[in-house]
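Here the structure is laid out as C-alpha cells; the discussion comes afterwards.
Values in this document were obtained by computation on a predicted structure and should not be read as measured data. Every number for a ligand or one of its atoms is a count from 1 in the order of the listing.
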Amino acid sequence: MSSGGVGGGSLGAGLLYHKFVSFALEETRLRTTLTPHPSQEKFKSIKPNDDNTVFNALSFSAPKIRLLRSLTIEKKNSYQVLDFAAFSEPEYDLPIFCANVFTTHAQSIVVLDLNPLYDTTVHKDYKDKYYRSIMPLVHKYNELLPWGGKITSESLKFFSPIVIWTIFESTEHNHHVLHSAFVDYYKVWLELMDQAIKENNKATIARNQEEQHKYLTWRAEKDPGYPLLKKLIGESRAEDLVMEFLFEGVNTLGTKSFLDYFPEYARDDGSVNKKRSMIGKSFETRPWDANGEFIGDAEAQ
Ligand code: BLA
C-alpha cells in the first residue's frame, strides 16, 4: 500500500506515523473484526487551537479487544506524536500493546512495549507465560535502538523485559528501524491475542480488570504527554481526551482512585502530588538481562 520512507530525507514531510497505524489496522483486520468504538465519534475530529496542528484519533473494539486506539498529532515543521495502544477484554490477561513516540527534527523519544498486565518482577509466572519466548526481540533491537538512559523510575513496573525505551536522532534510517520494531512487536501482540484463551474464573477476571484499571489510572494521571495536550487543546478537552479516549475505561473498569493504587503520591491535604515521579529518575542501563530477569536496583543507581 504505502511506499514507505519519510520523504526526501527530511522528517518535516509530515504524517510520519500514519503508515504505522495503517499497518496495525490492516494486520488486525486479517485476524479479527474491528468495530468502531463509541469514543471514536466524539474524538475523531478534534481541532486544536493552533492551525498548524492536526490530530487524528481512531478507536475500535473486537471480540477479544476491549479498546484499540490511536492518536497521531502533527505540528507542522515542529513535532509529530504517535500514541497507539491496545487493551484486551478482562477475560484475557494479555499484555497491553503500547507504542508512544514524540518526534522533533532533532530527536525521537520512544516507548514500544507489550506492557505487562502484572508486574513481571513480582509475577514470574506471568513473565514466563508471555515474555520467555520473545526475549530474542531484545537482542534484535538492542543495538539499533539502545536504552534511552535514566527514566522516571515508576515507569519501570509498567514495562516488560522486552521494552524498547530509546531516544534517537530523527533520521530516516532510525525511523525505518523503529517501523520494523513496531511491525515485529505488533505482530507478536496479535499472535498472543489470537492464541489467548478466555478465562472463566470470576476472581481471575476481576483481578485482570483491576490490573488494567490500575494501569489506566496511572497513565491518565501521569502520562508525559499530558502537559502538551493541555497546551494544544486546553485543559478540559485534554482531560476528556485522556479519560474518555486514550485511557477510556479509567472511569468504568474500577472504582479505586489514583491514591488507592499509588498512596505515595498523597499530599498532607489529601490531594495528589503533581510531581510525575516520587522516586526520581534511575536506570542508566537496561535493567533486565537476556533472560528477562530484573537486574536493576533503583536505590543503587
Ligand atoms: C517523554 N514519554 C516521555 C518519556 C517517557 C515517555 C518514558 C521520558 C521521560 C520520562 O522519564 O518519563 C513515555 N512513560 C511513557 C510511556 C509509559 C511511561 C508510554 O511510563 C507507559 C507506562 N508522549 C505521548 C504523547 C505526547 C508525548 C501523546 O505519548 C504528547 C502529546 C510527549 N513524551 C512527550 C514529551 C516528552 C515525553 C513532550 C518529553 C518531556 C518530558 O520528559 O516530560
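- Note that CD of Q195 is 11.0 Å distant from CG of L190, once rounded to the nearest 0.5 Å.
- Using a non-hydrogen distance threshold of 4.0 Å, F159 registers as a contact of ligand 1.
- Which of G225, S277, P227, S155 comes nearest to atom 20 (O) of ligand 1 through a heavy atom is settled by distance: it is S155.
- Taking any N or O of N115, backbone or side chain, none lies under 3.5 Å from an N or O belonging to ligand 1.
- At least one cation-pi condition fails for R219 and F247: the charged atom is not both under 6.0 angstrom from the six-membered ring centre and inside a 45 degree cone around its axis.
- Scanning all protein heavy atoms for the shortest distance to atom 12 (O) of ligand 1 gives R276 NH2, 2.3 Å.
- The shortest contact between atom 24 (C) of ligand 1 and any protein heavy atom is with N100 ND2, 3.7 Å.
- Ring geometry, F182 versus F23: the interplanar angle exceeds 60°, so the pair is classed perpendicular (tilted spans 30 to 60°).
- Cluster annotation: I167 is connected to L16 through the hydrophobic network of ILVMFWY side chains, with a link wherever side-chain heavy atoms come within less than 4.5 Å.
- Here the protein heavy atom with the shortest distance to atom 39 (C) of ligand 1 is I109 CD1, 3.5 Å.
- Counting only heavy atoms of the protein, atom 37 (C) of ligand 1 lies nearest to P224 CB, 3.8 Å.
- Between F262 and Y265, the ring planes lie perpendicular to each other; the angle is over 60°, past the 30° to 60° tilted range.
- In terms of protein heavy-atom proximity, atom 13 (C) of ligand 1 is nearest to V111 CG2, 3.6 Å.
- Among all protein heavy atoms, the one lying closest to atom 32 (C) of ligand 1 is F102 CD1, 3.6 Å.
- When only interatomic distances are considered, the shortest N/O to N/O separation between R219 and ligand 1 does not fall below 3.5 Å.
- In the vicinity of C98, heavy-atom distances shorter than 4.0 Å reach the ligand 1 atoms 19 (C).
- Within the listing of ligand 1, atoms 31 (C) sit less than 4.0 angstrom from a heavy atom of L229.
- Note: Y186 and W189 have parallel aromatic rings, judged against thresholds of 30 and 60 degrees for the angle between ring planes.
- By the criterion of a heavy-atom distance under 4.0 Å, the side chain of K281, and not its backbone, is placed next to ligand 1.
- Cation-pi check for K222 over Y226 is not met; the charged atom does not lie both under 6.0 angstrom from the ring centroid and within 45 degrees of its normal.
- At least one side-chain heavy atom of R31 sits less than 4.5 Å from a side-chain heavy atom of E191.
- Ion pairing between a basic and an acidic side chain is recognised when a charged N comes within 4.0 Å of a carboxylate O; K76 and D51 show no such pairing.
- The ligand atoms of ligand 1 that sit less than 4.0 angstrom from a heavy atom of L228 are 30 (C), 31 (C).
- Between W218 and F158, the angle of the ring planes stays under 30°, which puts this pair in the parallel group of the 30/60° scheme.
- Proximity of K150 to ligand 1, defined as any heavy-atom pair under 4.0 Å, is not found for any part of the residue.
- Annotation: cation-pi geometry satisfied between R29 and F60 (NZ/CZ under 6.0 angstrom from ring centroid, within 45° of ring axis).
- Near F158, meaning under 4.0 Å from one of its heavy atoms, ligand 1 places the atoms 22 (C).
- Ranking the protein heavy atoms by distance from atom 7 (C) of ligand 1 puts I151 CD1, 3.5 Å first.
- Contacts with ligand 1 closer than 4.0 Å are made by heavy atoms of both the backbone and the side chain of T152.
- Panel note: side chain K64, backbone A196; a donor-acceptor pair is recorded below 3.5 Å.
- With respect to atom 8 (C) of ligand 1, the closest heavy atom belonging to the protein is W165 CH2, 3.6 Å.
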